[in-house]
Structures are given as structure tokens and as C-alpha cells.
Amino acid sequence: IDDLGATEYTLVTIALDETGSINGFETQIRDMLTTTIDACKKSPHSNNLLVRVIRFGSQYKRQGGPGVDEIHGFKTLGEIDNASYPKLRGGGWTPLNDAVYSSVGAMNAYAKNLSDMDFGVNGITFVITDGGENDSTASMKMVKDEIKKSVTGEVMESHVSVLIGIDTGNGSVKTVLEKFQNEAGMDKFI
């Protein structure tokens, strides 16, 4: 934080599904990561974006913790090289609640630190998945409360949350993800 030079920042978190069901879709999820980073670079405010990338799957549960692994914490876009991201390897169950809760919760904590130092803060969360919740520590209520807290808690000026479905041609997966988006209070489902 001490090295930040602007007066306002947008925090971006990208959460990548790395569960067993992504076998065959690893490239699509990684392509969506690259597309999201590239879109951030095209923003007129790209110098004021700080990006965090995580992946989720039950294989990352440690000592009863959430099924989330941080690839990197908040970094400026200039520090990010798309080619350096690890290849995704599907395995485990889908802790979708944990992924959203960690994405928004870490963003809220970092935004609070920035806000306390008189920075203006906005946020956007992208969660990329091909399946619904089936193995989280966090409850749906915890997820919904954390999303609501990002703006009503006056931590951020604005926050947009986007659930991105990969290979949801199967109607049941699309229905499950649309239901999740609505119950969690996420802004959009694509």
C-alpha cells in the first residue's frame, strides 16, 4: 500500500475452478483468465487496477480450511505476465461458496485498509466455473452477507460480482449456476 501513487483503485479478483469436472475444459478456463486480464489492460484506468487470482477445488482444503489456493495477491497489471500462470489440473469437488466468499472477503479486507488510508476503492469479482456448489466450508448466508458488506459496509464505493459459466450448454448446469447467482446476490451470470 505504501508504494501506491494514485488516489483511487479498483480491486479485481478472478477465481478459477480447478475441480474434477473441468477435465476437458482447462483450456477454456485459462483462456477466460487471459481474456479477463487483457480486458483489464484495455481499461482507461488500467494503471489503477490491482488484480488477485485464486483457484478453487476441494484438493486445496487444509486442516478444515476453505478449498481455495491463492495464485497471487493483489498486484498491478504491469506485474502480471499471463504466460506465468500455472496450468490448471482438475481434481476434487466444487467449493463454490468458498471461492466467492474468499474472493469478496479478501477484497473487502484490502479495500478497508485502502479506505482507512483515504484511497477511493471499487471492486469487481469474476468467478469462472463449470459447476455448482458441493463442498464448501462457507455457507450461502456467509457468501451473501460478504457480498452485501462490500458496499453497504462502506468499504467500497461500488462492487460488481460476475459468475461466468464455462460449458453450460447442459441446461441443468446453467440452471444451477443461475440459482447460485441469485441466492448469493451476485450481480451477473454470463
Side-chain angles (χ1 to χ4, degrees), residues 1-6 8-19 22 29-43 45-57 59-62 65-88 94-117 119-129 136-138 142-143 145-151 153 155-164 166 184-188 190:
I1 292 177
D2 294 335
D3 295 332
L4 298 177
E8 182 172 287
Y9 285 91
T10 297
L11 303 178
V12 179
T13 299
I14 305 167
L16 309 170
D17 186 334
E18 196 175 28
T19 61
I22 72 157
I29 291 175
R30 185 170 171 106
D31 288 348
M32 185 56 65
L33 168 63
T34 301
T35 299
T36 305
I37 296 288
D38 289 344
C40 288
K41 289 178 180 178
K42 292 176 184 173
S43 166
H45 303 287
S46 61
N47 290 336
N48 296 47
L49 298 181
L50 300 173
V51 180
R52 174 181 185 241
V53 178
I54 65 173
R55 54 190 168 185
F56 60 96
Q59 68 272 31
Y60 295 114
K61 288 190 171 197
R62 294 183 188 97
V68 174
D69 179 54
E70 185 174 75
I71 296 174
H72 65 75
F74 292 106
K75 294 174 144 182
T76 63
L77 283 170
E79 298 174 270
I80 295 175
D81 172 16
N82 280 338
S84 70
Y85 285 117
K87 289 190 178 213
L88 298 174
T94 308
L96 190 55
N97 286 353
D98 290 348
V100 177
Y101 185 74
S102 174
S103 295
V104 178
M107 185 179 292
N108 283 343
Y110 197 71
K112 172 96 172 82
N113 288 340
L114 288 170
S115 180
D116 287 348
M117 296 178 74
F119 288 96
V121 185
N122 295 295
I124 186 163
T125 304
F126 298 99
V127 179
I128 303 166
T129 186
S136 284
T137 303
M142 291 168 63
V143 171
D145 289 348
E146 198 66 33
I147 290 172
K148 191 182 293 184
K149 181 173 119 180
S150 64
V151 177
V155 175
M156 288 184 254
E157 295 170 24
S158 69
H159 175 245
V160 175
S161 52
V162 182
L163 181 63
I164 300 170
I166 298 291
M186 294 183 78
D187 296 305
K188 300 178 189 285
I190 301 170

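Each residue takes its place number in the sequence, starting with 1.
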Check your understanding: For atom NE2 of His72, is the number of surrounding heavy atoms from other residues, nucleotides or ligands below 6.0 Å larger than 12?
Key -> yes
Check your understanding: Is there a side-chain contact between Asn122 and Glu8, using heavy atoms and a 4.5 Å cut-off?
Key -> yes
Exercise for review: Take Phe56 and Asp17 through the test side-chain contact (heavy atoms from CB on, under 4.5 Å) and record every step on the way to the result.
Suggested key: CA-CA 5 Å; Phe56 60 96; Asp17 186 334; 3.6 Å; yes
Practice item. Give, for atom CG of Asp187 and atom CG of Leu163, the distance between the pair rounded to the nearest 0.5 Å. Key: 11.0 Å
Review point. Which atom names give the shortest non-hydrogen contact between Tyr85 and Val53, and what distance separates them?
Key: OH-CG2, 3.4 Å
Review point. What distance do Glu70 atom CD and Ser103 atom OG have between them, rounded to the nearest 0.5 Å?
Key: 10.0 Å
Exercise for review: Would you indicate whether Lys148, at its atom NZ, is surrounded by more than 12 heavy atoms from other residues, nucleotides or ligands within a distance under 6.0 Å?
Suggested key: no
Revision key, fill the gap. Looking only at heavy atoms, the pair that brings Asp98 and Gly67 closest together is OD2-N, 3.3 Å
Review point. Do any N or O atoms from the side chain of Ser84 and from the backbone of Ile80 form a donor-acceptor pair under 3.5 angstrom?
Key: no
Exercise for review: Report the C-alpha distance between Val121 and Tyr9 in whole Å, list the side-chain angles of each, state the deciding distance to 0.1 Å, and finish with yes or no for side-chain contact (heavy atoms from CB on, under 4.5 Å).
Suggested key: CA-CA 5 Å; Val121 185; Tyr9 285 91; 5.6 Å; no
**Study point:** Check: Thr19 side chain, Gly57 main-chain N or O, donor-acceptor pair, under 3.5 Å
**Key:** no
Practice item. List the steps, then state whether side-chain contact (heavy atoms from CB on, under 4.5 Å) holds for Leu50 with Thr76. Key: CA-CA 5 Å; Leu50 300 173; Thr76 63; 3.7 Å; yes
Review point. At their closest point, which heavy atom of Thr125 faces which heavy atom of Met107, and how far apart are they?
Key: OG1-CE, 3.5 Å
**Study point:** Gap between atom CD1 of Ile190 and atom CD1 of Ile166 - 0.5 Å precision
**Key:** 10.0 Å
Study note, to complete from the structure: Closest non-hydrogen atoms of Val100 and Met186, given as atom of the first, atom of the second and distance, are CG2-SD, 4.2 Å
Review point. Donor-acceptor pair, Ser43 side chain versus His45 backbone, under 3.5 Å?
Key: yes
Point to revise | Distance in Å, Leu114 CG paired with Lys112 NZ, rounded so as to fall on 0.5 Å steps | key: 11.0 Å
**Study point:** Met32 vs Phe126 side-chain heavy atoms within contact, under 4.5 Å
**Key:** no
Revision key, fill the gap. Exactly one of Arg55, Lys61, Gln59 clears side chain to side chain donor-acceptor pair (under 3.5 Å) with Asp69, and that residue is Arg55
**Study point:** Verdict with reasoning, Asn108 to Glu146, per side-chain contact (heavy atoms from CB on, under 4.5 Å)
**Key:** CA-CA 8 Å; Asn108 283 343; Glu146 198 66 33; 2.9 Å; yes
**Study point:** Between CG on residue Leu11 and CD1 on residue Ile124, distance to nearest 0.5 Å
**Key:** 11.5 Å
Review point. Salt bridge or not for Lys149 and Asp145, using N-O below 4.0 Å?
Key: no
Check your understanding: Do other residues, nucleotides or ligands put more than 12 heavy atoms under 6.0 Å from Lys188 NZ?
Key -> no
Practice item. Heavy atoms only: give me the nearest Ala106-Arg52 pair and the separation to one decimal. Key: CB-NH1, 3.4 Å
Point to revise | 4.5 Å side-chain heavy-atom contact, Thr13 and Phe74 | key: yes
Check your understanding: Out of curiosity, Asn97 CG to Thr137 OG1, how far, rounded to the nearest 0.5 Å?
Key -> 9.5 Å
**Study point:** Closest heavy-atom pair and its distance - Ala184, Ile147
**Key:** O-CD1, 3.4 Å
